There are 2 protein chains.
Amino acid sequence: MRPLTRKGAATRQRILEGAATHIREHGVADTTLDDILARTSTSKSQLFHYFPGGREELLLAVARVEADRVLEDQQPQLGDLTSWDAWEQWRDRVVERYRSQGGQCPLNSVMSQLRGNTPGAQAVVTELMNRWQAEIAAGVRHMQAAGQIDPGLDPDQAAAALLACIQGGVLIQLSTGRTTHLEAALDMGLAHLRAGRPPSF
Amino acid sequence: MRPLTRKGAATRQRILEGAATHIREHGVADTTLDDILARTSTSKSQLFHYFPGGREELLLAVARVEADRVLEDQQPQLGDLTSWDAWEQWRDRVVERYRSQGGQCPLNSVMSQLRGNTPGAQAVVTELMNRWQAEIAAGVRHMQAAGQIDPGLDPDQAAAALLACIQGGVLIQLSTGRTTHLEAALDMGLAHLRAGRPPSF
DNA sequence: CATAGACTGGACTATAACGTCCAATTCGGA
DNA sequence: TCCGAATTGGACGTTATAGTCCAGTCTATG
């Protein structure tokens with residue numbers, strides 16, 4: 001797949017973005033290849049030309065796009081958790097992101113449609129989780145260095161727990177439509193970070 | 001559907017259990033009606049006789065079965081969170097249950113295959129969450145009454161957060177195959193319950 | 001400007017799965 | 001025992017959608 005003219009790359013990109021958008025709007029189950037072709041003004045042969053693996057390969061590519069977007073949507077806050085104020089802003093950002101998405105989670109949706117749990121699909125999510133957790137952990141370490149969080153706390157452990165709080169909150173929102181659990185869990189997680197911190201503050 | 005002879009009820013039950021089992025073993029995506037028929041030695045007409053709504057209705061019924069099972073698997077601990085020891089045992093029980101399930105969550109799997117998010121499907125999960133949270137909250141209240149948890153803590157809020165911890169931990173396990181996040185989140189949740197409790201203990 | 005190979009259109013095939021239908025059989029109460 | 005209703009078997013119809021194929025057009029490069 002070395003040769004890829006400018007035109008070809010553009011077409012591939014158009015298909016990918018069109019697929020992602022259609023999935024966001026209608027869900028994976030209600031997204032057929034023909035839907036994507038119609039929306040992007042492309043033909044079957046083009047889709048299979050750029051995604052030889054067909055639907056599966058395309059969905060995986062969409063998953064990667066969505067995974068990247070998850071982290072992007074949390075920037076710049078996620079990358080700069082250097083004060084309690086920043087943590088609070090990040091918290092609000094996360095809640096707002098999922099609230100506005102309103103009971104939709106393209107990534108979760110795509111994942112569940114990928115054959116069983118393809119190794120490739122698992123890898124995409126696992127890597128997302130790793131990166132996400134690493135950024136949170138970095139924030140925890142920074143706060144510890146600044147003497148705002150108890151140095152005895154294990155940053156990775158805390159980050160893992162916080163990440164689970166978010167995932168669970170979002171998952172529950174998928175069914176209930178409410179962000180109450182997400183907020184409760186996040187607040188508890190932040191309270192835990194604050195707890196037992198040096199009394200000097 | 002008033003008349004339902006013993007034989008009929010047995011057949012219906014056989015189909016339901018066969019479907020649930022097959023889904024647990026192969027996942028929803030790889031479960032066709034024909035698979036279920038073959039496994040349960042029944043015919044198309046029987047399936048549609050007892051589940052006029054077809055696949056959708058059957059999956060919903062399976063979802064209810066699995067939802068019930070989730071809570072049952074946590075008993076008797078979940079219903080008797082009256083000491084720190086009981087809470088710990090419950091924690092271990094939850095972790096063990098999902099560890100043994102090994103990266104499978106029949107309920108989540110079934111849910112994601114139900115048309116978009118059918119109201120009926122949402123109702124099943126929402127009710128499960130409500131019952132689950134209520135049991136946890138009851139435990140919190142009991143501990144408060146016994147003076148083991150800070151009375152200032154909102155039981156429902158805490159239960160909601162704890163529930164999200166579990167959901168998130170399990171969700172992450174679906175991709176990573178590890179229960180580390182589940183354990184970290186649960187431990188953090190329990191630590192939060194203990195925090196700020198009356199110093200008399 | 002010529003050519004090889006990338007790119008495109010869209011008709012066509014394959015098939016997997018759900019759901020329908022009806023005739024045959026069994027069941028349970030009167 | 002007898003009859004209407006419940007139950008059953010399985011062939012058949014229908015549809016939706018992924019994937020194939022090939023002929024025709026465009027593009028980059030020598």
Side-chain angles (χ1 to χ4, degrees), chain A residues 1-19 22-23 25-63 109-110 112-116 118 120-121, chain B residues 1-19 22-23 25-63 109-110 112-116 118 120-121:
Chain A
M1 194 181 276
R2 284 302 311 288
L4 226 269
T5 70
R6 190 167 308 176
K7 196 177 177 189
T11 300
R12 194 193 130 98
Q13 188 63 16
R14 201 165 75 250
I15 293 174
L16 189 52
E17 287 176 0
H22 198 277
I23 286 172
E25 292 173 357
H26 301 88
V28 191
D30 290 336
T31 298
T32 72
L33 297 189
D34 291 312
D35 287 335
I36 299 170
L37 300 183
R39 163 190 281 269
T40 60
S41 301
T42 46
S43 67
K44 273 277 170 70
S45 66
Q46 295 180 67
L47 195 153
F48 281 87
H49 183 66
Y50 297 109
F51 300 92
R55 180 186 174 82
E56 174 116 359
E57 184 175 342
L58 177 57
L59 286 186
L60 198 57
V62 169
S109 152
V110 168
S112 62
Q113 292 270 325
L114 282 170
R115 206 64 176 162
T118 305
Chain B
M1 192 177 275
R2 283 299 310 294
L4 226 270
T5 70
R6 190 166 307 176
K7 196 177 176 186
T11 299
R12 194 193 129 99
Q13 188 64 15
R14 201 166 74 249
I15 294 173
L16 189 52
E17 288 176 359
H22 199 276
I23 286 173
E25 292 173 358
H26 302 87
V28 191
D30 289 337
T31 298
T32 72
L33 297 190
D34 292 310
D35 288 334
I36 299 171
L37 300 184
R39 163 189 280 269
T40 60
S41 302
T42 46
S43 67
K44 273 277 169 70
S45 67
Q46 295 178 66
L47 195 154
F48 280 88
H49 182 67
Y50 297 109
F51 300 92
R55 181 185 173 84
E56 175 116 358
E57 185 176 341
L58 177 57
L59 285 186
L60 198 57
V62 169
S109 151
V110 168
S112 62
Q113 292 272 325
L114 282 170
R115 203 67 176 160
T118 304

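Being a predicted model, the structure only gives us computed values, none of them experimental. Chain naming here is simple, since letters A, B, ... match the order of the sequence lines and numbering starts at 1 in each.
One finds a side-chain N or O of A:Y50 lying less than 4.0 angstrom from the OP1 or OP2 phosphate oxygen of C:dT8. A close approach under 4.0 Å does not occur between any side-chain nitrogen or oxygen of B:Q46 and OP1 or OP2 of D:dT7.
Within the structure, salt bridge (Lys or Arg N to Asp or Glu O under 4.0 Å) contacts touching residues 36-49 of chain A (residues at least two apart or in different chains) are A:E25-A:R39, A:D34-A:K44.
Residues forming a side-chain hydrogen bond (donor to acceptor under 3.5 Å, both in side chains) with B:T11 (at least two apart in sequence, or on another chain): none. With sequence neighbours left out, B:S43 forms a side-chain hydrogen bond (donor to acceptor under 3.5 Å, both in side chains) with B:S45, B:Q46. Remark: A:S109 pairs with no residue by the side-chain hydrogen bond (donor to acceptor under 3.5 Å, both in side chains) rule, at least two apart or across chains. With sequence neighbours left out, A:T32 forms a side-chain hydrogen bond (donor to acceptor under 3.5 Å, both in side chains) with A:D35.
D:dT7 atom C1' lies 15 Å from atom CZ of B:F51, rounded to whole Å. Atom-to-atom, CZ of A:R14 to P of C:dC7 comes out at 13 Å; the value is rounded to the nearest Å. With rounding to whole Å, A:D34 atom CG is found 14 Å from C:dG9 atom C1'. A:L4 has its CG atom 10 Å from the P atom of C:dT8, to the nearest Å. Rounding to whole angstrom units, CG of residue B:L37 and C1' of C:dA17 are separated by 12 Å. Residue B:L47 contributes atom CG, which lies 12 Å from atom P of C:dT20 at whole-angstrom precision. Atom CZ in A:R12 sits about 17 Å away from atom C1' in C:dT8, given to the nearest Å.
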Annotated protein contacts, base or backbone, on nucleotides 19-30 of chain D with a non-hydrogen cut-off under 4.0 Å, one of B, S, - each: BBB----SS---

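Closest approach to the B:H49 side chain among C:dT8, D:dT17, D:dA6 is made by D:dA6 (side chain taken as heavy atoms from C-beta onward).
A:A61 and A:F51 get closest at one heavy-atom pair: CB-CE2, 4.0 Å.
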